[in-house]
Amino acid sequence: MNYWLVKSEPDAYSWQEQLKNNIEPWTGIRNHQAKKNLQSMKAGDLAFFYHSNVGKEIVGIVRIVKEFYPDPTDPDHKWCCVDVQTVCTVPVPVTLKQIKTIPELQEISLIKQSRLSVMSITPEHWQLLCQLGQVSSQDIDK
DNA sequence: GCCAACGTTGGC
DNA sequence: GCCAACGTTGGC
């Protein structure tokens, strides 16, 4: 089981839309490192859903339900996407501001590689971020 | 292969 | 709106 964080600008695609859609193809990734991460995702992996630009906070959790396949929005079929399914809303959104104040979280890619839109999260950081967001294990288990 | 110019992302 | 940090492009 791996853990991830994916970014979306709420103006383009928000958590509210994700809640409505439930299952959504995660398309439009046009960065090689982000693509590499997409291809490393396994069905069942969990990912934080982060609002970039507006909000700048972790607002939800999704599960990878379909592993990488060609991105239908890419005419060259060079890039790929995965399908994600809504798992739960993070009861208390974890803001970037808050993350920056926590010494244990200074090494996460969200801070160190601020432009990367699909990144891996260590199990330790995942647990800590879940605590901060007051996500209960039951929320995720179902 | 180097590097300048340019474009994009995302925080502030 | 600005800027830092990258990534990409194209001339040489």
Side-chain angles (χ1 to χ4, degrees), chain A residues 1-137 139-140 142:
Chain A
M1 156 83 85
N2 299 306
Y3 298 102
W4 310 92
L5 182 147
V6 295
K7 289 184 186 177
S8 184
E9 295 187 34
D11 289 345
Y13 183 68
S14 70
W15 179 245
Q16 283 66 33
E17 290 171 82
Q18 175 64 37
L19 284 175
K20 263 182 270 168
N21 295 356
N22 189 34
I23 294 182
E24 177 74 5
W26 203 262
T27 58
I29 299 301
R30 298 291 184 269
N31 168 285
H32 292 289
Q33 200 183 344
K35 178 189 179 186
K36 201 169 133 272
N37 289 332
L38 282 182
Q39 291 179 327
S40 304
M41 288 177 169
K42 297 293 175 200
D45 284 355
L46 295 169
F48 286 124
F49 189 114
Y50 175 83
H51 273 167
S52 63
N53 256 314
V54 179
K56 283 164 280 186
E57 56 191 9
I58 294 170
V59 289
I61 293 176
V62 294
R63 192 189 313 277
I64 312 308
V65 290
K66 184 174 176 185
E67 292 175 15
F68 77 97
Y69 60 99
D71 183 340
T73 70
D74 171 26
D76 299 333
H77 306 108
K78 190 162 69 91
W79 299 98
C80 64
C81 62
V82 299
D83 284 0
V84 302
Q85 179 170 27
T86 302
V87 171
C88 65
T89 297
V90 172
V92 182
V94 184
T95 64
L96 180 64
K97 198 176 170 187
Q98 187 182 4
I99 291 169
K100 285 190 166 173
T101 65
I102 297 168
E104 291 85 353
L105 292 176
Q106 296 314 296
E107 295 301 310
I108 68 169
S109 305
L110 191 63
I111 294 174
K112 298 203 86 171
Q113 278 174 279
S114 63
R115 289 184 54 194
L116 189 60
S117 58
V118 180
M119 65 194 72
S120 147
I121 299 280
T122 67
E124 293 76 21
H125 289 162
W126 178 272
Q127 293 304 334
L128 181 51
L129 288 164
C130 282
Q131 277 176 34
L132 294 170
Q134 296 180 25
V135 176
S136 73
S137 46
D139 287 340
I140 293 177
K142 118 95 209 16

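Every chain is numbered from 1 and lettered A, B, ... according to where its sequence line falls, protein lines coming before strand lines. Everything numeric here is computed off the predicted structure, so don't read it as measured data.
Here the range on DNA chain B touched by chain A, meaning any atom under 4.0 Å from one of its heavy atoms, is dG7(B) to dC12(B).
Side-chain atoms of His125(A) come within 3.5 Å of backbone N or O of Glu104(A) as a donor-acceptor pair. Under a 3.5 Å cut-off, the side chain of Arg30(A) and the backbone N or O of Trp79(A) do not form any donor-acceptor pair. No donor-acceptor pair under 3.5 Å is formed between the side chain of Gln39(A) and the backbone N or O of Cys81(A).
The one candidate from Val59(A), Leu96(A), Asp11(A) that meets the side chain to side chain contact (heavy atoms under 4.5 Å, CB included) condition with His51(A) is Val59(A).
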Take Tyr13(A) and Asn21(A) through the side chain to side chain contact (heavy atoms under 4.5 Å, CB included) test and state the conclusion after the steps. CA-CA 11 Å; Tyr13(A) 183 68; Asn21(A) 295 356; 3.5 Å; yes
Carefully, step by step, assess Val94(A) and Ile99(A) under the rule side chain to side chain contact (heavy atoms under 4.5 Å, CB included). CA-CA 7 Å; Val94(A) 184; Ile99(A) 291 169; 3.7 Å; yes
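Under the 30°/60° scheme for interplanar angles, the aromatic rings of Trp15(A) and Phe49(A) are found to stand perpendicular.
A heavy atom closer than 4.0 Å to some atom of DNA chain C occurs in Asn31(A), His32(A), these being the qualifying members of residues 26-36 of chain A.
Lys100(A) comes within 4.0 angstrom of sugar-phosphate atoms only, judged by non-hydrogen atoms across all strands, and of no base.
For the residue pair Pro93(A) and Gln98(A), the shortest heavy atom distance occurs at O-OE1, 4.3 Å.
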